[in-house]
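See below for the structure under consideration.
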Amino acid sequence: MTADALDLAGIGIGPFNLSLAAQLDSAPAVSARFFDRRMEFAWHPGMMLFGVEMQTSILKDLVTATNPTSPWSFISYLVAHRRFYQFLNAEYEAVPRREFADYLGWVARGLPSLTFGAAVEEVRAMDRGFSLRVGEETVPARNLSIGVGKVPGLPGWAEALPETMAFHSSDAVRRLRDLRSGRVAVIGGGQSGAEIVDALLDRPDMAVEWVSRRPNFEPLDATPFTNEIFTPAYVRDFHRLPEGLRIAHTRRQLLASDGISATTLRKLYRRLYEEKLSSPSPNSREVSLRPHRNVIAAERNGSSIRLTMQNGFDGAVEQVAVDAVILATGYRFVLPSFADSLKPRIAVNSLGEPVLAEDFSLVWDGPADNRIFVLNAGRHSHGIAEPQLSLAAWRSAVIANALLGREQFNVGQPQPIVRWASGRADLPNASYLGEAAE
């Protein structure tokens, strides 16, 4: 590896690599460049529906948790745009997602280490580092940070549906505009599904079927003791658990990370209530809420799709015909194709996911001082907070410290309020949680 090799090459510029770049901006000893194939920064543009809100505090931005004097904080953004006082006066219960997206774009436009319009085509392991093929350029680097995000997670029954009749929520903004009147099924009982239902209620020509496997349309658990899960102390205790316990805990904690905001639930319920008041006629448009349903099949029948569902409440099998299906079914991690040559050298867990060390680097058979950090792939290694914005600044500080070999950022934490771990080393590598883990 040549002397002019980068200390870090970042691939993908989403919020997590953006956070790392912002933290490293105050650590000039680290030479870093970040690459993205897109021409400019964009954060989930397909889900920027009108009125959507954040589920995370503005203090959990890119840097503040470990570097509060950084010029790249959300507070700095407000001051730079002369909106500090008006923002406070607005008294938001939750920050508009469009504003947080604008903040992220402001940071992306200001950091000199970012390069857009530069697709990383291939990464190869070399002696004491890596070689990246970026267009016509070859970029040597000692360490990598992969933050390309996840891909839409589609259930098996939906894979054969034509794209003209079914689409993932990640493309909602564009595709909702093109929907004609008719009956639409929204599959998924999380925040994304709720936001899409809310948008469809603006269309009086649309009948809506909202389908979820969950027993009800349930709120995000954002209460204080649950939020202890989103702290570094919990993440460290979680990472030390055997794999079976970690997987069981993440299943049990679903509503701590993937419930619906209480404000969204109240808004939807009130809209449905008011619709019934204003349209008591049996011929009014139908909005049918179907929780505890597992879709087991989907069949195209001419211009409609017939969904077959198992009702978990009473065991019945139901069918409904719709004109379009919107899949608010989440995302899954896939190691990108540019890393194909590295895949045989990477350790995976029982779910086929990469194994991450405590500092968020992959466990692989290469040199220990040539790390491959992977962001947004550690739900079952670091807990449900890992894919969330909540700990982005802390994780970036952990990675920056690992690159520097010293504690540039103070990532230490006081004794947690909740005592999670027993301190025992002889833990079983299996779930003892029974039904609570399902």
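Only heavy atoms go into these numbers, but all of them, side chains included; no hydrogens, no water, no symmetry mates. Just so it is clear, the model here is predicted, and its values are computed rather than measured.
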Margin query: Quick one, Leu179 and Leu176 - any side-chain contact, counting heavy atoms below 4.5 Å?
Written below: yes
Margin query: Testing the basics here: between Gly182 and Asp323, what is the closest heavy-atom pair and its distance to 0.1 Å?
Written below: CA-OD2, 3.3 Å
Item checked: Closest non-hydrogen atom pair, Arg293 against Pro291 -> NH1-O, 2.8 Å
Item checked: Partner of Asp61 by side-chain contact (heavy atoms from CB on, under 4.5 Å), out of Leu59, Ile58, Val63 -> Val63
Checklist line | Under-4.0 Å salt bridge between Arg271 and Asp202 | finding: yes
Check: Is a donor on one side and an acceptor on the other found under 3.5 Å between the side chain of Thr329 and the backbone of Gly153?
Finding: yes
Item checked: Lys/Arg N to Asp/Glu carboxylate O, Arg97 vs Glu99, below 4.0 Å -> no
Item checked: Salt bridge Arg332-Glu353, side-chain N to carboxylate O under 4.0 Å -> no
Next item on the list: Before accepting this row, confirm whether a basic side-chain N of the pair Arg109/Glu40 lies closer than 4.0 Å to the acidic partner's carboxylate O.
Entry: no
Check: Salt bridge or not for Glu386 and Arg379, using N-O below 4.0 Å?
Finding: no
Notebook entry, point to check: Could Asp205 and Arg285 be called an ion pair, given the rule that one side-chain N must be under 4.0 Å from one carboxylate O?
Noted result: no
Using a 3.5 Å cut-off and no angle test, enumerate the donor-acceptor pairs between side-chain atoms of residues 8-17 and protein atoms at least two apart in sequence or in another chain.
residue : atom : partner : partner atom : Å
Asn17   : OD1  : Ser145  : OG           : 2.6
Asn17   : ND2  : Ile11   : O            : 3.3
Asn17   : ND2  : Gly12   : O            : 2.7
Asn17   : ND2  : Ser145  : O            : 3.3

Check: Using 4.0 Å as the upper bound for N to carboxylate O, is an ion pair formed by Glu318 and Arg290?
Finding: yes
Note to self: With a 4.0 Å cut-off on N to O distance, would you call Arg345 and Asp365 a salt bridge?
What the structure shows: yes
Note to self: So that I can tick it off, tell me whether Arg419 and Glu228 are bridged by a salt bridge, with the cut-off set at under 4.0 angstrom between side-chain N and carboxylate O.
What the structure shows: no
Notebook entry, point to check: Closest heavy-atom contact between Ser257 and Gln388?
Noted result: CB-NE2, 3.6 Å
Next item on the list: For the pair Asp171 and Arg174, find out whether any cationic side-chain nitrogen is under 4.0 Å from an anionic carboxylate oxygen.
Entry: yes
Pair up each side-chain donor or acceptor in residues 155-165 with any protein partner under 3.5 Å, not counting sequence neighbours, and list the distances.
residue : atom : partner : partner atom : Å
Trp157  : NE1  : Val295  : O            : 3.4

